[in-house]
Amino acid sequence: MGLIAITREVNTAIGSCELTFLQRGSIDTALAVQQHQNYQSVLSSLGCEIIVVPTEPGLADSVFIEDTAIVLDEIAVLLRPGAASRRPEVAGVEAVLRQYRTLASIQPPGTLDGGDLLRIDNIIFAGLSTRSNQSGIEQLRNIVIDHGFRVEAVKTTKCLHLKSAVSEVAPGTLLINPDWISGSSFSDYELIDINKEESHAANSLLLGQNVMFPASFPRTADKLMTRGINVTPVDLSELQKAEGATTCCSLILTA
Ligand code: GLY
């Protein structure tokens, strides 16, 4: 069994991306493309086969492919992004995912972004956020319950997505920004706080024994390494200006 990372090209319109908690800054698209290619190389070096979904005109945020689906071993659920401009992204991802999984989907009035879904073993923590609503979370719960998954809603008000504030860095260990999300929902886990000067540092991508982690947050990276966690840095400075982060740029699945 191998790992597949599905990614999606950076769109030339990324400068017009959705922004919710960030002010718009100038994005160097060529550098964003280069950084994204490097991100894919790192995924490859960590054992993933890379499948790239082409982007399409007008899909400014399509590089953030994680928001379009959640892929479990048993099923993939096509999501319904909270930002209406992002809903057309789902069709192109569906075409690829149907080769690997049986599909289900979130229907209106439900909305759900993959960035709000933190899956740990058989629990899916779901951020109730500006992007993901109660109906979307309820629909997901009904879809995955037959596959042995529990869905726990977590109110997320201070950042774009739940995983902007908390992500898994080792089995049973989460990296968290306690100013953005309460640790009370995660009392069964060991929690590592981000460095306070790096508020956006809580999003990381755990792959086997390695954590892909933004190069722009060195103090938090040091903290992780001190705890014996293998950190593989990736420079995502341009995609961060588009309110993106490490997990957003791929869908990881076993095949
Ligand atoms: N720009 C990423 C998002 O807002 O979904």
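For ligands, and for the atoms within them, numbers begin at 1 and follow the listed sequence.
In this structure, the side chain of Thr247 does not engage the main chain of Leu205 through any donor-acceptor pair within 3.5 Å.
Residue pairs meeting the salt bridge (Lys or Arg N to Asp or Glu O under 4.0 Å) criterion with at least one member in residues 3-14, sequence neighbours excluded: Arg8-Glu56. For residues 60-70, the set of pairs meeting the salt bridge (Lys or Arg N to Asp or Glu O under 4.0 Å) definition, not counting sequence neighbours, comprises Glu66-Lys163, Asp67-Arg86. Residue pairs meeting the ring pair (Phe, Tyr, Trp, His ring centres under 6.0 Å) criterion with at least one member in residues 41-98: none, sequence neighbours excluded.
Remark: Gln209 CD is loosely packed, at most 12 non-hydrogen atoms of other residues, nucleotides or ligands lying under 6.0 Å away. Counting heavy atoms of neighbouring residues, nucleotides and ligands inside a 6.0 Å radius, atom CD1 of Ile145 does not exceed 12 of them.
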Give me the pairs of N or O atoms, one from ligand 1 and one from the protein, that sit under 3.5 Å apart.
unit_1   : atom_1 : unit_2 : atom_2 : d
ligand 1 : 1 (N)  : Glu18  : O      : 2.7
ligand 1 : 1 (N)  : Asp61  : OD1    : 2.6
ligand 1 : 1 (N)  : Ala242 : O      : 2.6
ligand 1 : 4 (O)  : Glu18  : O      : 3.3
ligand 1 : 4 (O)  : Arg131 : NH1    : 3.4
ligand 1 : 4 (O)  : Arg131 : NH2    : 2.7
ligand 1 : 5 (O)  : Arg86  : NH1    : 2.7
ligand 1 : 5 (O)  : Arg131 : NH1    : 2.8

